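Here the structure comes first, spelled out in structure tokens, and everything after it is commentary.
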Amino acid sequence: MTRYDSARAQFADWGIDTEAAIAAMLAVPISVHCWQGDDVGGFEKKSGSAGGGIQATGNHPGRARTPDELRADLEFAYGLIPGKHRLNLHAFYLDTDETPDRDAIEYRHFAPWVDWAKDQGLGLDFNPTFFAHRNADDNLTLSHPDKGIRDFWIEHGRRCREIGARMGTELGSPCVINNWVPDGSKDIPVDRMAARRRLETSLDAVFAAPLPKAQLIDAVESKLFGIGVEAMTVGSHEFYMGYAIRKGTALCLDMGHFHPTESVADKLSAVALSLEHILLHVSRPMRWDSDHVVLLNDDLLALAQELVFADLLPKTSIGLDFFDATISRTAAWVIGVRNMQKALLRAFLLPQARLKAAEAALDHTARLILTEEAKDLPFAAVWDELCARADLPVGQGLLSALEGYQSKAAARG
Ligand code: RNT
Ligand code: ZN
């Protein structure tokens with residue numbers, strides 16, 4: 001009897017079908033964020049750091065400097081991840097010799113990414129880049145008091161929707177377009193209302209053109225605060241929650257964008273009652289929105305359990321959002337995606353029906369016993385099995401696979 005056969009029997013004894021769990025987990029696409037590969041630098045023909053209160057720290061060798069290098073790194077990373085996934089592209093990762101400003105980008109500047117995605121069997125998601133630009137130096141974009149600057153960013157947002165819709169059409173899968181703006185105020189503002197009204201009006205202009213949901217899903221991302229905008233974020237959770245409900249967009253919940261004791265897992269069922277679609281930015285905040293690589297920790301397990309137990313996967317898009325430049329960037333992707341998958345697999349391997357029945361019967365003792373005893377089930381044997389079927393390394397084998405590529409990437413200079 002193999003380790004997996006024995007695990008399968010043990011789960012079956014709990015009424016859990018490991019084959020069904022494997023299939024269910026593998027059916028969930030994860031949108032892999034391109035920006036972990038180059039420390040949120042982008043490929044516009046100028047240098048600059050992320051800005052907008054977000055920051056990758058570290059100087060690990062091997063950062064991707066060109067679209068070709070980034071694609072090579074992504075191919076390597078996807079090659080170590082089970083299942084078929086998506087790429088989440090930011091607008092300043094255009095691939096062209098031209099130098100269009102943000103308000104002049106067109107589909108053709110991204111066509112090489114689409115060709116590559118087709119070739120790789122990946123879906124594409126897209127994001128306007130409302131930071132790292134001279135028109136965002138004040139940490140104000142769509143809510144800027146200056147109409148000229150607002151119009152510049154509205155045009156950027158509109159073009160991103162057109163580009164994303166075309167990507168969705170080309171790839172036969174709706175492109176999730178997430179709008180995050182850094183807008184806020186370092187010190188205490190006196191007219192929050194004016195800023196929020198301007199943001200709302202600008203967003204309305206961005207979303208004005210009706211485009212088919214089969215091509216794109218519009219999303220808006222809230223945030224509590226950022227470096228340099230400590231006193232107020234214009235696009236707070238309440239702002240976007242209301243906006244998304246009234247306007248019918250998706251709401252993006254980033255795990256780093258709330259007070260540290262708040263749980264995004266808890267929010268899911270609450271917002272799901274009012275929203276058609278949810279986007280997740282799976283991240284790991286440490287003391288602030290630090291965007292550490294996600295671990296297989298309680299936060300991630302709780303998130304996955306909610307997605308599965310509340311049957312929210314059909315209306316949720318899972319994207320990752322972290323950037324650590326102190327470690328191998330390809331390893332960061334592989335570890336982060338695999339952890340998200342492991343968390344989902346574990347959720348599918350839990351005795352959901354029995355747990356819910358105990359809770360409905362107010363038998364909180366049984367719920368506690370089952371929850372704690374289920375932690376000793378052999379989840380790892382199921383994960384190892386699905387990796388083995390895909391010829392993917394686990395454990396110490398993963399270490400050598402990741403190190404081998406990293407030493408090549410380090411030679412980039
Ligand atoms: C910033 C937001 C946003 C960005 C990316 C690069 O706090 O989380 O999602 O990280 O768009
Ligand atoms: Zn985010």
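Ligands are counted one by one from 1 in listed order, and the atoms in each one are counted from 1 as well. Keep in mind that this is a model prediction, so the values were computed, not measured. Numbering of residues begins at 1 and proceeds along the displayed sequence. Hydrogens, waters and symmetry mates are skipped; everything else that's a heavy atom, side chains included, is used.
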Which residue and non-hydrogen atom of the protein lie closest to [atom], and at what distance in Å?
| atom | result |
| --- | --- |
| atom 7 (O) of ligand 1 | Lys223 NZ, 2.7 Å |
| atom 10 (O) of ligand 1 | Asp321 OD2, 2.8 Å |
| atom 9 (O) of ligand 1 | Glu221 OE1, 2.7 Å |

With heavy-atom distances below 4.0 Å as the criterion, list the atoms of ligand 1 near [X].
| X | value |
| --- | --- |
| His281 | 9 (O) |
| Asp289 | 7 (O) |
| Ile54 | 1 (C), 7 (O) |
| His257 | 1 (C), 2 (C), 7 (O), 8 (O) |
| Phe323 | 10 (O) |
| Asp254 | 8 (O) |

Classify the side-chain pair [X]/[Y] by whether it contains a donor and acceptor separated by less than 3.5 Å.
| X | Y | result |
| --- | --- | --- |
| Trp116 | Glu75 | yes |
| His277 | Ser317 | yes |
| Trp35 | Asn88 | no |
| Asp291 | Ser283 | yes |
| Asn135 | His144 | no |

Passes side-chain hydrogen bond (donor to acceptor under 3.5 Å, both in side chains), Thr129 versus His90? Steps please. CA-CA 6 Å; Thr129 310; His90 238 286; 2.8 Å; yes

Nitrogen or oxygen of [X] less than 3.5 angstrom from that of ligand 1:
| X | answer |
| --- | --- |
| Trp180 | no |
| His90 | yes |
| Asn178 | no |
| Asp291 | no |

Dump the intermediate steps for ring pair (Phe, Tyr, Trp, His ring centres under 6.0 Å) on Trp153 and Phe130, then the final yes or no. CA-CA 7 Å; Trp153 290 114; Phe130 294 107; 5.7 Å; yes

Determine whether Thr249 and Asp218 satisfy the following criterion, side-chain hydrogen bond (donor to acceptor under 3.5 Å, both in side chains), listing intermediate values before the conclusion. CA-CA 5 Å; Thr249 70; Asp218 295 303; over 6 Å; no

So which of the N, O or S atoms of [X] lies nearest the Zn ion (ligand 2)?
| X | answer |
| --- | --- |
| Glu221 | OE2 |
| Asp321 | OD2 |
| Asp254 | OD2 |
| His281 | ND1 |

For the NZ atom on Lys186, are there more than 12 heavy atoms of other groups (residues, nucleotides or ligands in this structure) within a distance under 6.0 Å?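 12 or below, so no.
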
Just by modelled atom types, is the Glu106 backbone N or O under 3.5 Å from a matching donor or acceptor in the His109 side chain?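 Confirmed, His109 side chain pairs with Glu106 backbone.
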
Does Asn127 come within less than 4.0 Å of ligand 1, judged by its heavy atoms?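 So Asn127 does not count as touching ligand 1.
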
At under 4.0 Å between heavy atoms, which part of His33 makes contact with ligand 1: side chain, backbone, both or neither?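 Near ligand 1, His33 shows nothing, with every heavy atom at 4.0 Å or more.
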
Sequence neighbours left out, cut at 3.5 Å: what donor-acceptor pairs do the side chains of residues 305-314 make with other protein atoms?
none

Considering the options Arg159, His156, Arg161, Arg158, which one meets the side-chain contact (heavy atoms from CB on, under 4.5 Å) requirement together with Pro128?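 Filter result, single survivor: His156.
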
